[in-house]
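Predicted model, so just to flag it, every value in this text is computed and none were measured.
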Amino acid sequence: MSSTESLTDIDYPESDGQPMGETEIHIEWMIRLRDILKLRYRERRVYVGSNLLVYPEEGVPRNFVVPDVFVVKDCEPGRRRIFQTWVENRVPNVVFEITSRSTRRQDSIFKLRQYAEMGVAEYFLFDPTSDYLSPALQGYRLVDDEYEPIEANSAGRLECRELGLDLALSEERLRLFDSIERHELLTEAETEAHARAEAEAEVERLRKLLDERDNSA
């Protein structure tokens with residue numbers, strides 16, 4: 001940088017030129033995970049980002065990482081074009097990567113190192129096809145500036161302490177549960193569909209009760 005060039009004059013690209021995901025299933029899981037977390041933190045001062053360029057160092061635009069989904073606590077929500085840690089005065093608390101054939105090495109080696117250097121407290125990898133990771137769900141927690149694998153608890157789930165979540169695999173599906181209330185987290189559309197199904201089931205139950213009463217009269 002020349003002596004006349006200000007840090008504010010540096011251009012930080014908004015795209016790395018790479019596609020959002022390798023296949024439809026990877027894109028769908030990125031969107032679903034983002035939507036689940038956005039709904040969870042809708043009324044809270046938490047930022048949930050997805051496929052956004054994150055810059056950890058001011059003045060070095062070549063140094064960036066693009067998490068599939070990430071959560072930043074104590075951070076204003078709202079839309080952003082990029083995430084600059086020195087502007088936000090925050091780094092992601094938790095990062096989720098949806099691993100694929102083309103990203104496996106980057107996710108499990110290079111990004112593991114990058115996120116540790118940034119100070120990301122917890123890092124989770126999920127392979128929706130179960131082809132590239134064994135097990136298909138893996139987690140890491142930062143301890144003394146280095147990541148240590150998160151061991152499954154007695155229920156076979158990985159604990160995300162930063163967000164108060166338990167992560168589990170069920171028939172190749174990633175499921176998120178509230179660690180305290182134990183209920184499963186869903187997207188807004190899934191929540192509405194579940195509520196409709198419960199309402200319809202209750203209507204059917206009442207209809208059967210009325211039919212039984214009429215038949216016994």
Side-chain angles (χ1 to χ4, degrees), residues 1 6-22 26-42 44-100 102-128 133 137-143 145-148 150 160-163 165 167 174 176:
M1 185 187 304
S6 167
L7 288 175
T8 58
D9 295 329
I10 297 175
D11 177 57
Y12 296 89
E14 298 176 2
S15 171
D16 63 352
Q18 299 298 314
M20 182 176 179
E22 183 170 296
H26 293 89
I27 294 172
E28 288 169 359
W29 271 107
M30 287 171 60
I31 294 172
R32 181 173 187 268
L33 185 55
R34 179 202 64 188
D35 289 352
I36 287 173
L37 293 168
K38 276 185 172 292
L39 180 60
R40 177 179 173 82
Y41 293 111
R42 174 175 289 178
R44 298 167 64 178
R45 191 171 181 270
V46 175
Y47 176 70
V48 178
S50 177
N51 200 45
L52 200 72
L53 271 68
V54 176
Y55 289 93
E57 186 177 0
E58 185 176 12
V60 189
R62 67 179 179 277
N63 182 15
F64 63 84
V65 64
V66 189
D68 286 341
V69 181
F70 63 101
V71 180
V72 191
K73 299 190 294 186
D74 193 23
C75 184
E76 288 297 328
R79 293 179 177 174
R80 289 165 172 76
R81 304 180 75 92
I82 57 177
F83 191 96
Q84 298 168 310
T85 60
W86 63 92
V87 172
E88 308 284 351
N89 199 28
R90 294 285 184 275
V91 298
N93 294 85
V94 181
V95 167
F96 301 87
E97 295 287 356
I98 311 301
T99 297
S100 65
S102 64
T103 66
R104 174 179 54 181
R105 181 175 174 82
Q106 184 181 31
D107 292 342
S108 60
I109 299 177
F110 300 113
K111 283 188 175 181
L112 195 72
R113 183 169 60 246
Q114 283 180 297
Y115 292 140
E117 291 173 350
M118 288 173 58
V120 176
E122 291 177 320
Y123 176 40
F124 293 91
L125 296 142
F126 170 54
D127 175 9
L133 284 183
L137 173 64
Q138 300 179 13
Y140 298 88
R141 183 171 294 120
L142 199 61
V143 179
D145 299 325
E146 292 186 1
Y147 277 129
E148 293 185 358
I150 299 174
C160 177
R161 295 175 183 171
E162 286 289 311
L163 305 182
L165 297 175
L167 282 64
L174 174 62
L176 279 64

Give the C-alpha distance, both sets of side-chain angles, the deciding distance and a yes or no for side-chain contact (heavy atoms from CB on, under 4.5 Å) between Gln138 and Leu133. CA-CA 8 Å; Gln138 300 179 13; Leu133 284 183; 3.9 Å; yes

Return the set of residues passing ring pair (Phe, Tyr, Trp, His ring centres under 6.0 Å) with Tyr123 (not counting sequence neighbours), or none when no residue passes.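 Result, ring pair (Phe, Tyr, Trp, His ring centres under 6.0 Å) vs Tyr123: Tyr115.
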
Under a 4.5 Å cut-off applied to non-hydrogen side-chain atoms, are [X] and [Y] in contact?
{"X": "Val46", "Y": "Asn93", "value": "no"}
{"X": "Phe124", "Y": "Leu165", "value": "no"}
{"X": "Phe83", "Y": "Cys75", "value": "yes"}

With [X] via side-chain hydrogen bond (donor to acceptor under 3.5 Å, both in side chains) - residues at least two apart:
{"X": "Arg104", "result": "none"}
{"X": "Lys111", "result": "Glu97"}
{"X": "Gln106", "result": "none"}
{"X": "Arg80", "result": "Glu88"}

Is there any salt bridge (charged side-chain N to carboxylate O under 4.0 Å, His left out) pair reaching into residues 46-59, and which pairs are they, with sequence neighbours excluded?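 For residues 46-59: none.
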
Would you please classify the geometry between the Tyr12 ring and the Trp86 ring as parallel, tilted or perpendicular, with 30° and 60° separating the classes?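 Ring orientation of Trp86 relative to Tyr12: tilted.
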
Return the OG1 to CZ distance between Thr99 and Arg105, rounded to the nearest 0.5 Å.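 Reported value, rounded in 0.5 Å steps: 14.0 Å.
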
Charged N to carboxylate O below 4.0 Å: is that the case for Arg161 and Glu122?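 No, no charged N to carboxylate O under 4.0 Å.
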
Quick check on side chain to side chain contact (heavy atoms under 4.5 Å, CB included): which of Val65, Val54, Val91 does Phe70 satisfy it with?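 The option that passes is Val54.
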
Report the C-alpha separation of Leu39 and Asp35 in whole Å, then their side-chain angles, then the decisive distance to 0.1 Å, and conclude whether the side-chain contact (heavy atoms from CB on, under 4.5 Å) test is met. CA-CA 6 Å; Leu39 180 60; Asp35 289 352; over 6 Å; no

Assess whether side-chain contact (heavy atoms from CB on, under 4.5 Å) is satisfied between Leu163 and Tyr41, documenting all intermediate values. CA-CA 10 Å; Leu163 305 182; Tyr41 293 111; 3.3 Å; yes

Might you work through the side-chain contact (heavy atoms from CB on, under 4.5 Å) test for Val120 and Leu142, ending with a clear yes or no? CA-CA 7 Å; Val120 176; Leu142 199 61; over 6 Å; no

